[in-house]
Amino acid sequence: MALKLYNTAGAKLEPFVPLRDGHVGLYCCGPTVYNYAHIGNLRTYVFEDVLRRVLERNGYAVTHVMNVTDVGHLTDDSDEGEDKMLIGARERGMSVWEIAEFFTRAFFDDTEKLNVVSPTVVCRATEHIPDMIGLISRLEKRGLTYQAEGNVYFSIDAFPRYGELARLDRQELRAGARIEVDSAKRNPHDFVLWFTRGKFEHQAMQWDSPWGRGYPGWHLECSAMSMKYLGERFDIHCGGVDHVNVHHTNEIAQSEGATGKTWVNYWLHGEFLIMPSGRMGKSEGNMITLSTIEEEGYDPLDYRYFLFGAHYRTQLAFSVQALDAARSARASLIDQLRGLAARSADGARVELGHDARLALDAINDAFNDDLNAPKALGLLRAFLKDDAVPPGERLAVAFDADRVFGLEMATSVARHEELAPEYQAMIAEREAARKARDFARADLLRDRLRDAGILIEDTPTGTKWKFV
Ligand code: AMP
Ligand code: ZN
């Protein structure tokens, strides 16, 4: 089955056809680095990672660009509220530049632990101010901007296609149903391209511009940087669903306003990770980070496995029980694969037979059906139980599919084989000590293993280990 993707623009499933044969330009909105990413944000990056891996599996060379928002994002997506970077800096007693550096690193530590493939280009907003100024000048020349009270605004009434992505109602846009806060705006949906008015007196990040010293509006960076690295037209743009109505709508207005061309062909949006209290959010007071779940003894890949419990376009409810279930399921998968590895010829290259070929085709079809990773995982799990298929072939199918799942299946199997017998004996002895309630001995053995770089975890499905 050829690749099909659900396009928010047009709200339907469409066959994927790139602009340039064999090549895909992909832009994903990156993190605002004023705090740690929460596991909801990380859900979106894992969805984008699966997209990239599926594109590559289909033979495309992918240029994947992601921005890092280190300036200009206010607590409200539409120009209101406080500057997120300033809040972060104030709370932690650091400068905004230090905050940006610190949380950018933290973000990439998290995505690396989740086995998210690094973008081809990572671009920081603060390093692209001239590109953004250039874009405002283009919009200005096309009569799409106005200056008021020191700021430069995008005038949505000068751009008739405004709001098409989100199918915003023109009537409602004109009437300005939202509460008017910024009296300088001609239309309440107009948005700031360049701030100069001293909205934030302590704004540390400021640059000179033709409109005065100031800083860019948040939406501008994605238009400027994506076009810089991918060209004025490219294939796919992604983000979380919350970006449809404001951020992506405004990005389209800026980019298409400047070029007069269709900017992006496919818009993909990942649904939310939710908590009993609602959407997980940095400002909702319900955020959980990857470090928190690691401290609770989970492997980041347990979380990655958990994410395959729902299609990216459906909401996914987080709970400890659900994460436990994912951890057990991943452990049982690895056990199953180790069992198959033990029964298959060592290192031999496997030729897939008819049934294994069919299973792999069905898994690929699921991936190509709008990235249906949950279905693909279900198919794989069922296939692994098929005793009619030689173990080596089952293993080969799993490892092949894992190029999309990214669950490090081969590494987990190999690591088990690498564990020296003396350490296996220590693990067994520790288990026996625990059963005999000799916790002092068990702890001593655990510490010795730890000194040897082997981390022991007691899970509901038994003792697990991993190299640290
Ligand atoms: P931010 O760092 O706040 O700009 O968000 C980074 C990404 O995470 C964006 O693509 C958001 O749409 C996405 N996002 C925010 N909250 C959630 C959530 N609860 N579940 C999934 N994705 C989210
Ligand atoms: Zn963006």
Side-chain angles (χ1 to χ4, degrees), residues 8 26-49 51 65-77 81 83-85 87-88 99-100 103-104 106-108 110-111 114 116 119 122-125 128 132 135 165 191 216-230 234 236-255 263-264 267-290 303 306-307 310-318:
T8 307
L26 167 69
Y27 185 86
C28 301
C29 291
T32 306
V33 286
Y34 70 106
N35 199 342
Y36 292 103
H38 55 67
I39 56 173
N41 300 131
L42 294 170
R43 179 182 188 201
T44 293
Y45 298 106
V46 170
F47 135 63
E48 291 160 350
D49 183 55
L51 168 65
V65 179
M66 191 183 76
N67 65 308
V68 171
T69 300
D70 52 3
V71 65
H73 194 174
L74 310 186
T75 48
D76 181 297
D77 284 352
D83 179 323
K84 290 185 176 183
M85 297 297 295
I87 298 177
I99 280 285
F103 288 115
T104 303
F107 173 78
F108 285 109
D110 284 351
T111 51
L114 286 170
V116 168
V122 174
C123 38
R124 288 164 206 246
H128 294 77
M132 295 189 228
L135 184 59
L165 176 77
F191 55 93
W218 169 46
H219 316 294
L220 197 60
E221 62 180 90
C222 291
S223 292
M225 296 194 282
S226 64
M227 291 200 282
K228 174 169 183 157
Y229 295 106
L230 294 170
F234 60 91
I236 309 178
H237 194 313
C238 297
V241 278
D242 54 328
H243 283 349
V244 178
N245 280 3
V246 180
H247 183 51
H248 289 167
T249 290
N250 291 354
E251 284 186 25
I252 292 172
Q254 295 167 150
S255 305
W263 176 43
V264 168
W267 286 89
L268 269 62
H269 291 100
E271 253 297 351
F272 283 148
L273 180 78
I274 52 165
M275 299 292 284
S277 52
R279 164 196 169 180
M280 183 176 289
K282 288 179 191 171
S283 39
E284 271 76 358
N286 60 2
M287 86 174 228
I288 299 174
T289 63
L290 195 63
Y303 182 63
F306 161 80
L307 292 177
H311 186 259
Y312 77 90
R313 282 194 297 114
T314 54
Q315 292 195 337
L316 176 59
F318 181 80

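Counting starts at 1 for both ligands and their atoms, following the listed order. In this text, all values refer to a predicted model and were calculated from it rather than measured experimentally.
Under the side chain to side chain contact (heavy atoms under 4.5 Å, CB included) criterion, A125 pairs with D70, V71, M132, E221, M225, sequence neighbours left out. By the side chain to side chain contact (heavy atoms under 4.5 Å, CB included) test, V264 pairs with F234, H237, W267, sequence neighbours left out. Judged as a salt bridge (charged side-chain N to carboxylate O under 4.0 Å, His left out), and not counting sequence neighbours, the contacts of D49 are R53, R304.
Of all the heavy atoms of L273, the ones lying under 4.0 Å from any atom of ligand 1 are found in both the backbone and the side chain. With a 4.0 Å heavy-atom cut-off, ligand 1 is reached by the side chain of H38 but not by its N, CA, C or O.
Under the 4.5 Å side-chain criterion, counting only non-hydrogen atoms from C-beta, V241 is in contact with E271. In this structure the side chain of N67 reaches within 4.5 angstrom of the side chain of C29, judged on heavy atoms. In this structure, V122 and F107 have side chains that are not in contact, with every pair of non-hydrogen atoms separated by 4.5 Å or more. Two residues are said to be in side-chain contact when any heavy atoms from C-beta on lie closer than 4.5 Å; E251 and W263 meet this criterion.
Note that CZ of F272 is 10.0 Å distant from CZ of R43, once rounded to the nearest 0.5 Å.
With H269, E271, R279 as candidates, the residue nearest to atom 16 (N) of ligand 1 on a non-hydrogen basis is R279.
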Quick one, F318 with H38, criterion ring-ring contact (aromatic ring centres under 6.0 Å, His included). Give me CA distance, side-chain angles, the key distance, then yes/no. CA-CA 12 Å; F318 181 80; H38 55 67; over 10 Å; no

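Excluding waters, the set of protein N, O or S atoms lying under 2.8 Å from the Zn ion (ligand 2) comprises C29 SG, C222 SG, H247 NE2, E251 OE2.
Atoms of ligand 1 lying under 4.0 Å from any heavy atom of G240, numbered from 1 in the order shown and given with element: 10 (O), 12 (O). Near D242, meaning under 4.0 Å from any of its heavy atoms, are these atoms of ligand 1: 11 (C), 12 (O). Residue contact check: P31 has heavy atoms under 4.0 Å from atoms 2 (O) of ligand 1.
An N or O contact shorter than 3.5 Å links T44 to ligand 1 by distance. Geometrically, ligand 1 and T32 share a nitrogen or oxygen pair separated by less than 3.5 Å. By the 3.5 Å distance cut-off applied to N or O atoms, M280 is counted among the residues near ligand 1. Remark: ligand 1 and G281 share no N or O pair separated by less than 3.5 Å (distance only, no angle test). For a threshold of 3.5 Å applied to N or O pairs, the pair formed by N41 and ligand 1 contains at least one separation below that value.
With hydrogens and angles ignored, the 3.5 Å screen pairs no side-chain donor or acceptor of S255 with any backbone N or O of I252.
Under the 30°/60° scheme for interplanar angles, the aromatic rings of H248 and H243 are found to stand perpendicular.
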